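Shown next, in C-alpha cells, is the structure this report addresses.
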Amino acid sequence: MVKTFKQLLTFSLLTVAVCVSGCSTVMAQGQVVSQQTPIKIGGQVNTVEGKGIPGVTINYEDKQAVTNSGGRFAIELTAPGAILFSAVGFANSTVNVSRDTVITVILDGGDEVLDEVVVIGYGTVKRRDLTGAVSSVKAEEIAMAPVANPIEALQGRVAGLDIARTSGRSNSGSSILLRGNRSLTAGSEPLYIIDGIPGNITNLNPNDIESVEVLKDASSTAIYGSAGANGVFIITTKQAKAGRVSVNLDAYAGINSNGLYPAALQKDAWLQYLEDAFVSTNGKSSKDRNELLTAWSLNPEQIGSYIDQGKWINWVDETLQTGVQQNYLLSVNGGTEKTKGFFSLGYNSTKGIYRNDQSDLFTMRAGATNKIGNWFEGGIVTGLTWKNNETRPSRMNKTFDIAPVGDVYDANGNINVYPIAGMTNPSLLADDIPNTLRANTKDLVVTANPYIDIDIMEGLTFRSILGATLRTSRDGEFNSDRTYMMLAGSSPQVRNASVTTNLGYSYVWENIANYQTKFGDDHDLSATLVSSWAHNQNETAFGYNQGFLYDEYLYYSLQAGTVPSVSSSYNTTKRMSVASRINYGYKGRYLLTLTQRTDGVSQLARRWDTFLAAAGAWRISDESFMESTRDVLSNLKLRVSYGVSGNSNINAYSTLTEVTSTGLDQINLGGGVLPVSVLTNAVGNPELGWEKSYNFNIGLDFGLFNNRIEGAIELYDTDTRDVLYARDLPFTSGGFTPKNPYTMTANIARMNNKGVEITLNTKNIVTESFRWTSTLTYAYNKERIRSIDLGSGTSVNDLISLGLFMDRPSRTIFNYKKLGIWQSDEANDAAVFGLLPGDVKTQTILTREGEGVWVDYTQEVPVEYTAQNPYSIAPADRTVIGQGDPLWNAGWQNSFFYKGFDLNIFTIARWGHHVEADLLGYFNYRAINMPSAYNYWTPTNPTNDYPRPYINRTSNHSNPLQTSGLNIVDASFIKIKNITLGYTLPENIGKNIGLSKCRIYATMFNPVIFTKSHLLKGMDPETGASDEFPLYRQMVFGVNLSF
Amino acid sequence: MKKIYYKFSLCILLGIGISSCSLDEWNPSTVDVETAYTNRGGFESLINYCYDGLYYFYGKVDGIGAMEMGTDLWTNVTNTESGFILYNSNMNPQLGTLNTIWGGMYATVNYCNTAIHYAPMVEGYTEAERNVKVAEAHFLRGWANWHLVEQFGGVSLTTVPSTETDRASQNNPTRSSEEEFYNLIISDLQFAAANLPDRTSAERGRLTKKAAYAMLAKALLQRTRLGDQEEYARLALEAAEELINNGDKYGAALYESDAQRSGFGKLWDGANNKNNTEFLFLEAVDHIDGRNPENWNRGRTRQYYLMDAKTTGAPWGMQENDAWLSRANSRAFKPTKYLLTEIFEPVADPADTRFKESFFYAYYNATWSDKVVSSGMVNTYGKNPNLVGHVIKNTAATGQSQVEGGRAINHMGLVNMVDNDGDGWLDGLSVFAPNWTMSAAEKADLPFWIVDPADMFDAEGKWVVAGSSASAIYDREVYPSLKKFSSLEWVYDRQNWMGDIPIIRLGEVYLIAAEAALLSSNDVNKAQTYINTIRRRAAVVGRQSEMEIDASEVTLDFILAERGRELVGEQTRWYDLKRMGKLNPTYLRQTNPEILFFDPAKHSVRPIPQPFLDAIANPTEFEQNENY
C-alpha cells in the first residue's frame, strides 16, 4: 500500500517537473558507456558514531551518485581510480579502488557549525568565512512551533529582531522591527528574498522553509542597496535533491480558545458601581433602584425585570468561541543529476475565536531545474497562494457601553436584535445574524522565477533570473440595513455593498556574474557583479452601491442599488541598480569584503545614489599562537564592518503637488452632483532625496569547550540621516479636507541606534540517551533622535505632533502622566488643582511647597497656587512617559531529547516599553459599564488604579476627566510562547511501515504570561492590550512524516 | 575559445539590457496644477469644492457649540460640549470640535486662495465671467476668515495658496491683527457683492448677491466691536438695505402671515425648505441621493436639543426612536430659564408664534400602542389617583417623507390626533413641557405629565438637580426641544434630517439693519420699522398689532432679545453677545446662572488647538491665546 503510494507520488512529482520546466526528464542515474568489465563497488558511508549518512555525494570518474537514506551506495567504475565522498557538514574523504569490493567510509563530522553553509546576498559562504552579521534559523526550529505565519516562527530566535503578533484575528500579521527604528514613515519592513527573488514571506507555508538567514549589518545588506536598509531575510525553501525521491507530510490541528479579554461588570458589582457613582455625584445614596437607574438614563421599567430575573449577560463569553486551526503540507522532491524537481501543496485553515472570522490558505510551490549542456542550466520555481478570508468587525468593546442584562437569544434560539425589549441598544452579536454583514477577501498570488545559469569558464558563472509576481485580490463587503453600526445609529440604515479589486504585478530582473579564483595557496578571491531592474505596478477599482432591495444580492449585484459610486487608481514605482562585491581571503584567516551598490528610484527627486560597504574578519583561533588555547577556545573570530545603506521606501508621487478628485466629499448645491478637484493630499517635495544609514558593526563569534558553548556578540551603531517622513503640515497653510491635513514627505530627521546582540547556543547535557540544549538570544537597543529638520533651515527640538523628541526614540509616549489617585488625606493638595480625593493625580510642572500650596517655578516670577487660586492642568504638563518599543527583548529556547522524545520550551521577553492600552481606557464619567478588572477608588477603597466614578462631572479648573493617562502602562512582559512535546518513532519501526521519519507532537501556545504591571492581568501585552481580536491560548497536535 | 565569446556576449547583452528602462514617474490619477486650473472646467471644479467647509459646521455639533453656546440661551445636559456651554475646563486646547473649526476654516481659506491665485490664468473667460466665478471664492474666504477671527482672534491670515508658500513660512506661521482680518474680510465680501450674479437659476446653494450683501452686512456690523462704530454700522446698514429694498431683484422676500399661519411659521414649514425665499446663504442638502459631504449623515441638530424621550419620558409613552423628534441618545443642550420665560413671553396664548414654531413642547404617545396610566405613575408624578386606568392613545404610525422620493418614516402625531373625550387636549398627549406655568390643580388632574418652568428651575433660576425635590430627578430631563430643523418632509430616519440649513436669512438682515441704524445714527424710527416688520410677521393675522413696539422701546438690549426670539438655535448667538459686549460675567450670571466660570480675559476667544501648536516650529512665538 505504502509502496504504491510512493510510486504514485514519484510519478506525480516527475509529471510536475516536466510540466514546469518543459524539459525532458531523464531517469537514468549515470549512464555507463563502457566496453570494459566494470569494477563494482558497494558499501556504506557512516558518521564516526556509526550512523549511516544519507545524501552523500559520490564523485568518481566523471560521474556522480548519492547514498540512500541508510547511507548505502553501489557504483560501477570503468577503470581503477579515486572515489570522492562529500557531504555538507562533513570533511571530504577519498578512497582509491582497483577491484570489486565492499567498503565502509567514515566521514568526519568536522565542525558542523563552522562549515554550515550560510546564504548571503547573491551567493553562499561557509559560516567560517562570514564577515557580516548574519543569523540563521533552520527548518527544525521552525517545525518546533507550528504557526500559520512564518514570521511568527522567528519570534525570539534572532537576536536583534523584535516581533509581535498584531492581533488575534485569523488572518493577522506580525509587526517586525530589526535593530530599532531607523526610519519614521519610510517603513521598517525588511526585504524578503525567497529563493533569490524579493517576495512576500506570508505567502509561504512555514513547513516549506528550509532556512532563513537574517542579514543585519550594512555590509551584508549593501549588495541589496536601498531595499535592504531594514535588514534582509533570505529564505531558502526546501529544494529538490538529486537521488532518492522523498515525500514529507506535515500536519497539525488544534483549538484556539481563552481570548484574553476582561468582561464588563455584572450583577451586584455592576449595581454597586452605579450606586458608587450616584453617591459621588449626588452626595447621598439613591432612594431605590428606580431612582438609581433613572439617574443613569436607564429606564427602570425596561431593565428592572431582567435584573429581578437574574438575566445577566457576559458579552465576552457570548462573542468568543473556540476556534480551530489546521495545517497540512505535503511535499515531494527528487530527481537525477540532470533534472530535479519538487512540489509541495499546503493548506491552512484557521477558524478564529470570533464567529465568521476565518481564513483558508492554499499554497502550492513547484520547481524544476534541468542541466541542458555542460555549461548551461535552466530552471524555474513557481508558487501559487490562494487566500480566502472572511472577517467581521469586533464589537466586544461595546460591552462597556451597555447594561449587562437582557436575553441574548429569543425563544427559538435566534439572536435577539435588541436584548432588552424596548431599548435600542443592539445586540453585540447583531452582525452575526445570517445575511447581516459580510467582509470577504480573496487573494491570489502567482510567482514565477525562471532562471538560466551559464558556466562561462572555469570559476566564472553567470545567472539571469526573472522574478515575476502577479497579485490579484477582491474585497467584497456587504452591510444589510441592520448591522450593529446601523442599529446603534452610527450609520444610516441602508443596505450597501462594495467590491474592490486589485491587480498588481511586479517583476525584478537580475543578472549576476560570479567569479571565483585562488592564486597561490593562500589567496582566495571572488567577485560578484549584479545588475537589477525592478518594476512595481498596482491598479485598483472600487465599486459601491446602496439601497438594495434584498440581502441576498450581497456584493454580487451592485447594479441593483440606487446610489452608485466608483473609483479607480494606479500606482507605479521603478528601480534600477548596479552592484558589485569582492571577497578576499588570505590563508582563510584574514577575510575582506567590499561592496558597492548604485541605486536609482522613480519616487525621489534626487534619484541616484551610491552606497559602499566594507567588512573584514579575522579568525583568531586559527592563528598558530592560539594553538595552546584550542582545548578551551575552539573558535574565535572577530568581524568589523562599516557601510552605508539607503532607504527610499515611500509612496510614489511624493515630489509633485498635483490636482486630484480622489478622496473628496460630494458637493451638490441643488442642481446635481458637481465635479470637484483640489490639490493632492500629499504636498510635493521637489528636494526629496535618499535616507541613508551609516552602519558600524563589530561582531565576535566564539566557541568554547569543543563548541559545547558557542555564540556571537554583536555591537552596532547606526546613524541614519535625512530620515524620510510623511509629515502632517500645520493647517494654517491649508488642508486637504477640514479634518485631513496636507502631508509632505521630507528628509526630516537624523536618528541613531546603538545596541548589543548576544546569541548563545549551549549543549548543557549530552549523553547517549539524553540531551539538553539551549539557545538564548538577547538584544538591547537604544534609539534616539539627533535632529529634526523641517526644511528651509527650520529645525526644532521637539515636534510634538509627530511625537518626536530630541534624544528620545521615535516612538515616544508623551502625554499626561498619572501618578495615582488623590487620597482622602490629600484633599488639600487635590484642591490646588480644583480636584477632590478620588480624582486622578496627574504629574504637573508645579512643585509642592507645603500642604495645599504649590508653586510654578517655570515662570519668570514664580506663581503660587492654592485652593483659592487653583491651577488648571494644561498641555505644558504633558511629559515623556516612556518609549513604545522594547528596550530589550530576548528569546530562550530549551530543548530536551530523551530517546525518541523531544520537549521544547520557548520563552520570550519584551521589556522596557509602554503602551497606550485600549483595554485600560474604558474608565469614563457617565459610562454605563467598565471592565470588571478595574479597581476604582471609593472612600473605603483607597486604590491608586482608577479614579472615583461619577455620573456627571464638570468643574472649573483641572479637568477631572483627565483620564487620558489612565491607559498608559509599562507593558514589559515575559511569556512562555510555546511548549512542545514530540515523539519520533525509532527508525527501524518506521521503516517497517515505510516511513523514514515519523514524529508526533503537541504544542501549547501562550500558556503562561507574566506582566510587569498588575493592570494588564488577564490581557495580552503582546498586542498592547488592544480592544479587539485578543490573542488566545492555542493547543495543537501534529505529525511530521517522511517517506 | 570562440564559445566563450558567445557566452560573454550573451551575458553582457542581458546585463546591459536593463539600462534601457526609464525611471520617470507617470500618475494618471492626478493632473498637474497648471493643466487643471488654467482649464475652465477644472477651475470651476475647485470653486465647487470651496463650499465643502460649510457642511462641517451647520447642522453639525462641531459648529453648534462654538456658534450658539456659552450664551444666555442654553445650558448643558451632560458633559458634551460643556466647555462651550459653561466655559469649564473642557474648553481647552485639546477640544476636538475646535480643531475641526480650525482645520475646516483654514482648509476653506486655502481652497479659495488657490482659486483666487489661478483665476487670472484660466483660459476662455471674459473678464466678467472670471469675476463672477472668483467672487464665490472671495465670499467663502471672507466667511471662513470671519469665523477664524471671531473664534480665535488675531491668528494667521493667509492670502497665498499652499503651492506658493515656502516651507519656512508654512512651519513658522505669524499672527495678524483682528483689524487686518476684517480689512480682508470686508474687501472680499465687497468684491463678492459687486460681482456675484443677482440670481441663480438652478442651484439654490450657489452664492448670489443676496448672500454677499447679507454676509457683508453681518461682518460690517460685527466689525463695530473693534471701533469706528458709526462708520462700519453705516456701511452695514447700507448693505442690509440694498437687500431689503431690492428683494425682487435678488430673489429675497419675507413670508407674510395669514389666517392659518404666521409668516415665521411658513418660514420653517418643510414645504418651503428647498425653495425658501428667506434663505440668503444656505447649506443645500441633497435629499434624493444623499450626495453630500458625509452622504446621509446630515441634519442631526435636533438630536442635541431633544429632551430625554428615552428614559424619563418613556413611562408616559415617549420612546428613544421617533423619526420626527429624532433619537434621544446624544442630548447636549437644554434651554435656560431666561430663554423660556424672558426671551419668550411665558403665557399660554401669546400673539408671538415664534415659541410655538421653534419648539416641540407637546410630546405624543410614540410607542405604537395605547398607554394606560398606572397607579405607580400616579404616585411617582403626583397625579390625581382617579387617572389610573386612563388611556393615552397611540399616535405613532408609518408616514412618508420626501427623502429619496418618498421614504417611509415612523413617527408620532400621525393617528389619533383627536380630542374624543372633549377635555380640550389631544388624547395622545404624553408629556407636556410649556414655557408658561400651569396651576397645581391642572398639573395633577390632566391625564398627561406636565413639567413647567416652576418644576424646571429653582429659586436662583438654575435647573433643578437630582434630590432638590422628589421629582427633580425626572423634571430636569424634560423641556421644550428645538424643532427648526425637524420638519417631517425631510426626515430621513430617526437621526438624519435632509432639509437645507439657512446660514443667513432675511429675518436676520432686518435685525442687522435695525441695530446698524441705531449704532450709526441712532435712527430709532428706522430701527423700529425694521423690528416691527419682523415682529408683525411673527403673529398670525389679527394679532399683529399686539406685536408692534414703540420707538421708546427700541434699544440695543431689545434687539438682542429680539434676535433671541427670531434666531434661537441658528448658530449665531455667541457672535451676537460678543459684538454687543454681553460676553461678560454680569450679563451671563443674570441670564444663565449655570455659567460659573466665565473669565473675560480668557473666554472672549477660544484656545488655539494644541495639535496645531504641536505641529509648528515656533509655538512659543505664535503663542497660545491668553490664559489658556
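Only a predicted model underlies this, so the values are computations on that prediction, with no experimental measurement involved. To find a chain, count down the sequence lines: A is the first, B the second, and so on, and within it residues start at 1.
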Chain B contact via Leu529(A) - side chain, backbone, both or neither, heavy atoms under 4.5 Å: neither
Residues Asn299(A), Lys310(B); criterion side-chain contact (heavy atoms from CB on, under 4.5 Å); working and verdict: CA-CA 8 Å; Asn299(A) 187 345; Lys310(B) 175 188 169 191; over 6 Å; no
Pairs of heavy atoms under 4.5 Å with chain B: top-ranked of Ser602(A), Ala876(A), Gly283(A): Ser602(A)
Atom group of Ser464(A) that falls short of 4.5 Å from chain B, counting heavy atoms: side chain
Minimum heavy-atom distance between Gln94(B) and Pro875(A), given as atom pair plus value: OE1-CG, 4.1 Å
Spacing of Ser677(A) atom OG and Tyr37(B) atom OH [to the nearest 0.5 Å]: 3.5 Å
Criterion side-chain contact (heavy atoms from CB on, under 4.5 Å) on Leu46(B) and Val678(A), from CA distance to verdict: CA-CA 6 Å; Leu46(B) 170 63; Val678(A) 295; 4.2 Å; yes
Segment of Leu664(A) engaging chain B (4.5 angstrom heavy-atom cut-off): both
Under 3.5 Å: donor-acceptor pair, side chain of Lys739(A), backbone of Thr100(B): no
Atom group of Asp455(A) that falls short of 4.5 Å from chain B, counting heavy atoms: backbone
Check: Tyr653(A) main-chain N/O paired with Glu25(B) side-chain donor or acceptor under 3.5 Å: yes
Residue Val673(A) versus chain B: region with a heavy atom under 4.5 Å: side chain
Contacting region of Leu679(A) [heavy-atom separation from chain B under 4.5 Å]: both
Ser162(B), part contacting chain A, at a heavy-atom distance under 4.5 Å: both
Options Ile512(A), Asn740(A), Leu298(A), Thr680(A), ranked by heavy-atom pairs under 4.5 Å with chain B, top entry: Leu298(A)
Options Ile454(A), Thr660(A), Ile456(A), ranked by heavy-atom pairs under 4.5 Å with chain B, top entry: Ile456(A)
Chain A contact via Pro611(B) - side chain, backbone, both or neither, heavy atoms under 4.5 Å: backbone
Which of Arg463(A), Lys287(A), Arg926(A), Arg607(A) touches chain B most, by non-hydrogen pairs under 4.5 Å: Arg607(A)
Interatomic spacing from CG in Asp481(A) to CG in Asp493(B) - rounded to 0.5 Å: 11.5 Å
Greatest number of heavy atom pairs closer than 4.5 Å to chain B - which of Gly671(A), Gly735(A), Ser733(A), Pro741(A): Ser733(A)
Between Asn171(B), Val155(B), Asn113(B), Val33(B), the one whose heavy-atom pairs under 4.5 Å with chain A are most numerous: Asn171(B)
Interchain contact, Asn295(B) with chain A, by part (heavy-atom threshold 4.5 Å): side chain
Separation between CG of Asn571(A) and CG of Asn27(B), rounded to the nearest 0.5 Å: 7.5 Å
Ser286(A), part contacting chain B, at a heavy-atom distance under 4.5 Å: neither
Over all atoms of both residues, closest heavy-atom pair of Glu203(B) and Leu674(A): OE2-CD2, 3.3 Å
Region of Val601(A) that comes under 4.5 Å of a non-hydrogen atom in chain B: backbone
Heavy-atom proximity to chain A below 4.5 Å, by part of Asn618(B): neither
Chain A contacts, top residue of Glu404(B), Met91(B), Glu320(B) (heavy-atom pairs, under 4.5 Å): Glu320(B)
Heavy-atom proximity to chain B below 4.5 Å, by part of Ser297(A): both
Chain A contact via Arg204(B) - which portion, at a heavy-atom distance below 4.5 Å: both
From Glu658(A) atom CD to Thr163(B) atom OG1, the distance as rounded to the nearest 0.5 Å: 12.5 Å
Ala36(B) portion near chain A, given a 4.5 angstrom heavy-atom threshold: side chain
Per-residue contact mode, Gln170(B) against chain A (heavy atom under 4.5 angstrom): both
Exercise: identify the closest heavy-atom pair between Leu799(A) and Ala615(B): CD1-O, 3.8 Å
Shortest non-hydrogen separation from Pro738(A) to Gly53(B) and the atoms involved: CG-CA, 4.4 Å
Spatial distance of atom CG (Asp614(B)) from atom CG (Leu804(A)) [nearest 0.5 Å]: 11.5 Å
Tyr55(B) portion near chain A, given a 4.5 angstrom heavy-atom threshold: side chain
Exam field: side chain Arg206(B) to backbone Gly670(A), donor-acceptor pair closer than 3.5 Å: no
Nearest heavy atoms of Gln493(A) and Arg407(B), plus distance in Å: O-NH2, 3.7 Å
Toward chain B, the part of Arg575(A) with a non-hydrogen atom under 4.5 Å: backbone
Contact class of Val109(B) relative to chain A, heavy atoms under 4.5 angstrom: neither
Reported OG1-to-CG distance for the pair Thr424(A) and Asn329(B), which is rounded to 0.5 angstrom: 7.0 Å
Sole residue of Asp289(B), Asp286(B), Asn48(B) in side chain to side chain donor-acceptor pair (under 3.5 Å) with Asn668(A): Asp286(B)
Heavy-atom pair count under 4.5 Å with chain A, highest-scoring of Phe43(B), Tyr628(B), Tyr51(B), Trp102(B): Tyr51(B)
Structural part of Trp375(A) lying under 4.5 Å from a heavy atom of chain B: side chain
Derivation of the side-chain contact (heavy atoms from CB on, under 4.5 Å) call for Tyr111(B) and Val676(A): CA-CA 11 Å; Tyr111(B) 302 144; Val676(A) 289; over 6 Å; no
Side chain / backbone / both / neither for Ala488(A) at chain B, heavy atoms under 4.5 Å: backbone
Under 3.5 Å: donor-acceptor pair, side chain of Tyr49(B), backbone of Ser661(A): no
Side chain, backbone, both or neither of Thr281(A) within contact of chain B (heavy atoms, under 4.5 Å): neither
Trp26(B) and Thr572(A): CA distance, side-chain angles, deciding distance, side-chain contact (heavy atoms from CB on, under 4.5 Å) verdict: CA-CA 7 Å; Trp26(B) 180 60; Thr572(A) 291; 5.8 Å; no
Part of Phe736(A) within contact of chain B (heavy atom distance under 4.5 Å): backbone
Pick from Glu44(B), His287(B), Arg494(B), Gln319(B) with the largest number of heavy-atom pairs that fall under 4.5 Å of chain A: Arg494(B)
Chain B interface, residue from Ser569(A), Gly489(A), Gly734(A) that has the most non-hydrogen pairs under 4.5 Å: Gly489(A)
Nearest non-hydrogen partners of Arg291(B) and Ser565(A), listed with the distance: NH1-CB, 3.9 Å
